[in-house]
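What follows is a single structure, written as structure tokens, with notes after it.
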Amino acid sequence: MAEAPKAPSKQPPAGGRAASKKELPEHFKSYKHVWVFVEQERGQAHPVSWELLGEGRKLADKLKVDLAAVVLGPEGEATQHVIGEAFNYGADLAYLVADPLLEDYRNEPYTKALTDLVNTYQPEILLLGATTLGRDLAGSVATTLLTGLTADSTELDVDEDGSLAATRPTFGGSLLCTIYTLNYRPQMATVRPRVMAMPERVERPVGKVITHPLGLVEDDIVTKVLDFLPARDSSKSNLAYADVVVAGGLGLGSPENFQLIRQLATTLGAEYGCSRPLVQKGWVPSDRQIGQTGKTIRPKLYIAAGISGAIQHRVGVEGSDLIVAINTDKNAPIFDFAHVGLVTDAISLLPALTEAFRKRLSPHNRDKLASRRAR
Amino acid sequence: MHIVVCIKQVPDSAQIRVHPVTNTIMRQGVPTIINPYDLFAVEEALRLRDVHGGEVTVLTMGPASAEDSLRRVLTFGADRAVLLTDRFFAGSDTLATTFALATAIRKIGETFGAPDIVFTGKQTIDGDTAQVGPGIAKRLDFRQLTYVSKLVSADPDAKEIVVERRSEAGVQVLKSKLPVLVTMLEGTNEMRRGTLEEAIAATRAEIVTWSAADAGVEDMQKCGLRGSPTIVKKVFAPSARSEKAAFVEAEDQTPAEALVEAIFERQPALQEDLAALAGGY
Ligand SMILES: Cc1cc2nc3c(=O)[nH]c(=O)nc-3n(C[C@H](O)[C@H](O)[C@H](O)COP(=O)(O)OP(=O)(O)OC[C@H]3O[C@@H](n4cnc5c(N)ncnc54)[C@H](O)[C@@H]3O)c2cc1C
């Protein structure tokens with residue numbers, strides 16, 4: 001991916017550079033099939049892997065090739081379970097490197113396992129989640145293989161001649177660019193969690209699993225894991241995967257007023273989030289930031305209060321089913337992509353909104369609703 | 001201890017505007033800054049030097065004007081600055097960037113002493129890929145420690161380093177061997193201001209300026225556009241949603257009630273979902 005993106009006006013015309021023509025070297029022509037790296041940590045698969053299998057399925061179908069899941073981990077039940085799930089989310093086959101040395105994520109053995117698999121079985125496309133693990137691994141693997149990598153893609157497609165077209169934000173999110181790796185294989189891309197929709201899970205039998213040895217002993221690995229401190233559940237937010245999210249922005253005016261967002265979230269059983277300036281001001285912890293440099297969310301309901309709707313915020317919330325915006329400025333950009341808008345002062349509206357939801361969702365009202373439906 | 005810190009001068013993207021008609025970036029007058037994430041790397045490097053002694057060399061690849069950013073890091077107390085600048089580097093993607101930087105770091109090692117640690121920021125705010133650190137590590141055959149939230153200890157004699165690394169599910173405590181590449185997480189320390197003497201010295205300091213050839217690049221095909229496997233084919237503005245938000249008007253209700261009504265009208269199933277989420281009854 002272009003680390004120093006050039007303004008389009010300054011670029012030589014397309015086709016004017018040798019590399020922008022497709023002239024795939026002979027030895028890459030045997031590279032076939034779409035691979036998704038299935039990320040697991042401590043026996044727990046990261047859901048971004050299933051999102052990628054959903055996306056990989058579409059690419060594989062267009063190319064008329066197979067979709068493979070790549071699973072690295074220790075031998076045992078947890079890893080077998082992850083393989084099973086990969087088939088349930090659409091994989092046609094799986095590649096497995098199972099070794100006790102892969103118990104915890106470490107760059108060295110994981111890079112070796114994945115590059116060995118690529119060199120042996122030669123995929124044309126390799127997708128990874130843009131998580132701390134996926135980004136750590138993808139950079140090492142792409143550099144080892146000397147191939148192209150498009151980080152944080154927001155859209156993946158294949159064009160007429162079968163090349164991967166990976167689109168991502170550029171220039172701080174104000175523009176999008178489409179990036180190709182025409183003459184190297186595999187074509188690699190990472191995608192952030194929640195950017196792609198979760199595919200349907202269909203119970204399927206476990207298909208073909210191709211196993212490959214790691215070929216390392218512990219002494220070969222320099223980095224050692226001394227300890228693992230799991231995130232405390234209370235502090236770990238489930239923002240990215242929440243069904244309902246309530247967020248506040250600078251329009252709230254003070255950290256005290258942000259309390260109103262937390263109260264509404266509690267009433268709805270929702271997660272709360274915020275725009276970037278509130279993190280920069282230290283009002284809200286950074287793992288609550290929504291947007292291009294924060295979390296991407298896809299809830300059924302997103303309520304944004306006092307958020308202007310800058311493009312960097314917008315890209316993180318566009319996948320929401322229903323976006324509700326509360327803002328004093330009827331011309332705020334957020335109303336260009338929200339579904340429902342209310343032009344009013346959020347600070348006075350929020351307590352009333354919390355109360356209105358509470359009333360509506362009280363057991364009493366719920367029973368009424370149920371009996372009405374029964375009739 | 002010799003510590004190399006890689007920084008990047010980036011446009012202050014909060015101030016970038018896109019021309020509404022031509023879809024091109026209006027760069028005129030956009031100020032540049034040191035990539036904010038890199039400052040945490042700089043501070044961590046200076047702290048390590050202050051404890052263990054040695055030198056901090058700051059390195060950037062960029063246009064001649066990137067000298068401004070290097071001088072700023074010198075005002076914080078870095079010992080030496082190296083500017084890698086050459087038209088051959090123009091248009092580098094991550095792979096070509098890591099080739100150039102790794103080559104320059106090798107040259108820095110030959111010229112000023114082998115580095116024990118190479119620091120980078122977590123990512124840049126313009127490229128945003130987080131891939132350059134790992135790429136440099138691979139090319140130098142250093143171990144890599146990314147998303148480091150805390151440097152627990154570094155022992156230059158035993159050549160050992162212990163860090164806390166942020167993972168998706170928690171924090172890994174990792175021990176590795178020097179030389180190593182570390183990418184620092186944001187918010188891990190607070191940038192020092194630097195002393196007056198350092199500021200004065202910085203304005204006078206000589207910036208080591210290297211072309212590709214000076215840095216020891218032998219194969220120019222591996223640099224810049226030519227050395228980049230990725231190609232930017234198209235740059236475009238995100239498309240707008242065709243309809244604007246439906247504005248809620250309160251008639252015989254309060255605005256809050258009208259809003260709740262509008263939400264459930266559009267998504268009737270939400271009422272059930274919310275009741276389950278909210279009360280668990
Ligand atoms: C590289 C880069 C990355 C970025 N990443 C992110 C990101 O991940 N996430 C993100 O959110 N931003 C990000 N930003 C910042 C983004 O550009 C905006 O600056 C930011 O989203 C604005 O936050 P805001 O909407 O809270 O504040 P403002 O833009 O200041 O908007 C405040 C809004 O509140 C309204 N308002 C004022 N008073 C009231 C009131 N009483 N009641 C109701 N409404 C009121 C105003 O009309 C206004 O629309 C990024 C920027 C850059 C350059």
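Just so it is clear: chains get the letters A, B, ... in the order the sequence lines come, proteins before strands, and each one is counted from 1.
When all heavy atoms of A/Leu342 and B/Phe247 are compared, the pair lying nearest together is N-CD2, 4.4 Å. Closest heavy-atom contact between A/Gly341 and B/Ala245: N-CB, 3.9 Å. Between A/Thr132 and B/Arg165, the shortest heavy-atom contact is O-NH2, 3.2 Å. Here the closest non-hydrogen pair linking B/Gln131 and A/Ala138 is OE1-C, 3.8 Å. When all heavy atoms of A/Glu41 and B/Ser167 are compared, the closest pair comes out as OE2-OG, 2.6 Å. Closest approach of B/Val235 and A/Cys177 over heavy atoms only: CG2-CB, 4.1 Å.
Separation of atoms CD (B/Glu257) and CG (A/Leu353) is listed at 10.5 Å; rounding is to 0.5 Å. Distance check: B/Ser228 OG to A/Ile179 CD1 gives 10.5 Å after rounding to the nearest 0.5 Å. The CD atom of B/Gln123 sits 8.0 Å away from atom OG1 of A/Thr293, with the distance rounded to the nearest 0.5 Å. Put simply, CZ on B/Arg139 and CG on A/Leu146 are 5.5 Å apart, with the number rounded to the nearest 0.5 Å. The OH atom of A/Tyr180 sits 13.0 Å away from atom OG1 of B/Thr230, with the distance rounded to the nearest 0.5 Å. How far CG of A/Leu182 is from NZ of B/Lys233: 5.0 Å, rounded to the nearest 0.5 Å.
The contact between A/Ala142 and chain B is made entirely by backbone atoms, counting heavy-atom distances below 4.5 Å. No part of A/Thr354 comes within reach of chain B, as not one of its non-hydrogen atoms sits under 4.5 angstrom from that chain. With a 4.5 angstrom heavy-atom cutoff, B/Leu174 touches chain A via backbone and side-chain atoms both. Heavy-atom distances place the side chain of A/Glu39, and not its backbone, under 4.5 Å from chain B. Heavy atoms closer than 4.5 Å to chain A are found nowhere in B/Thr254, neither backbone nor side chain. Using a 4.5 Å cut-off between heavy atoms, B/Ile136 does not touch chain A at all. In this structure, chain B has no heavy atom under 4.5 Å from any part of A/Ile334. Contacts between A/Phe228 and chain B at a heavy-atom distance below 4.5 Å involve backbone atoms as well as side-chain atoms. No part of B/Ala137 comes within reach of chain A, as not one of its non-hydrogen atoms sits under 4.5 angstrom from that chain. Only the side chain of B/Phe264 comes within less than 4.5 Å of a heavy atom in chain A; its backbone stays farther off. With a 4.5 Å cut-off on non-hydrogen atoms, B/Val10 does not touch chain A at all. At a 4.5 Å heavy-atom cutoff, the contact between A/Val324 and chain B is made by side-chain atoms alone.
A/Asp243 places none of its side-chain heavy atoms less than 4.5 Å from the side chain of B/Asp273. In this structure, the side chains of B/Lys138 and A/Thr111 come closer than 4.5 Å at one or more pairs of heavy atoms. At a threshold of 4.5 Å between non-hydrogen side-chain atoms, the residues A/Asn107 and B/Arg143 do not count as touching. Contact annotation: the side chain of B/Leu270 approaches that of A/Lys300 to within less than 4.5 Å [non-hydrogen atoms, C-beta and beyond]. Here the side chains of A/Arg168 and B/Thr129 are in contact, with some heavy-atom distance below 4.5 Å. Using a 4.5 Å heavy-atom threshold, the side chains of B/Phe236 and A/Thr167 count as touching. Residues B/Val248 and A/Val340 meet the side-chain proximity criterion, which asks for heavy atoms closer than 4.5 Å.
Atom NZ of B/Lys222 sits in a sparse spot, with 12 or fewer heavy atoms from other residues, nucleotides or ligands closer than 6.0 Å. With a 6.0 Å radius and a threshold of 12 heavy atoms from other residues, nucleotides or ligands, A/Lys330 has its NZ atom at or below the threshold. Within 6.0 Å of the CD atom in A/Glu155, the count of heavy atoms belonging to other residues, nucleotides or ligands does not exceed 12. Counted within 6.0 Å of CD on B/Gln253, heavy atoms from surrounding residues, nucleotides or ligands total more than 12; the atom is thus considered enclosed.
The greatest number of non-hydrogen atom pairs below 4.5 Å with chain B, out of A/Ile221, A/Val141, A/Thr144, A/Asp152, is found for A/Thr144. For the options A/Gln44, A/Arg106, A/Glu108, heavy-atom pairs under 4.5 Å to chain B are most numerous at A/Glu108. Here A/Thr223 is the residue among A/Thr223, A/Leu349, A/Val222 with the most heavy-atom pairs under 4.5 Å with chain B.
Ion pairing between a basic and an acidic side chain is recognised when a charged N comes within 4.0 Å of a carboxylate O; A/Arg360 and B/Glu261 show such pairing.
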- For side chain to side chain contact (heavy atoms under 4.5 Å, CB included), just list the numbers for B/Asp126 and A/Thr170, CA-CA rounded to whole Å, side-chain angles, deciding distance to a tenth of an Å, and then say yes or no. CA-CA 7 Å; B/Asp126 60 345; A/Thr170 182; over 6 Å; no
- Query: Are A/Thr178 and B/Val232 close enough, and set up right, to give a side chain to side chain contact (heavy atoms under 4.5 Å, CB included), and what steps lead you there?
  - Reply: CA-CA 6 Å; A/Thr178 303; B/Val232 180; over 6 Å; no
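Remark: the B/Gln172 side chain and the A/Asp104 side chain contain no N/O donor-acceptor pair separated by less than 3.5 Å.
Of the possible donor and acceptor atoms, none in the side chain of B/Glu168 sits under 3.5 Å from a partner among the backbone N and O of A/Leu133. Of the possible polar contacts, one joining the B/Gln144 side chain to the A/Asp136 backbone as a donor-acceptor pair under 3.5 Å is found.
Cation-pi geometry between B/Lys244 and A/Phe335 is not met at under 6.0 angstrom from the ring centre and within 45 degrees of the axis.
Evaluated for a side-chain contact (heavy atoms from CB on, under 4.5 Å) with B/Leu95, the options A/Thr147, A/Thr181, A/Thr143, A/Leu145 yield exactly one hit, A/Thr143.
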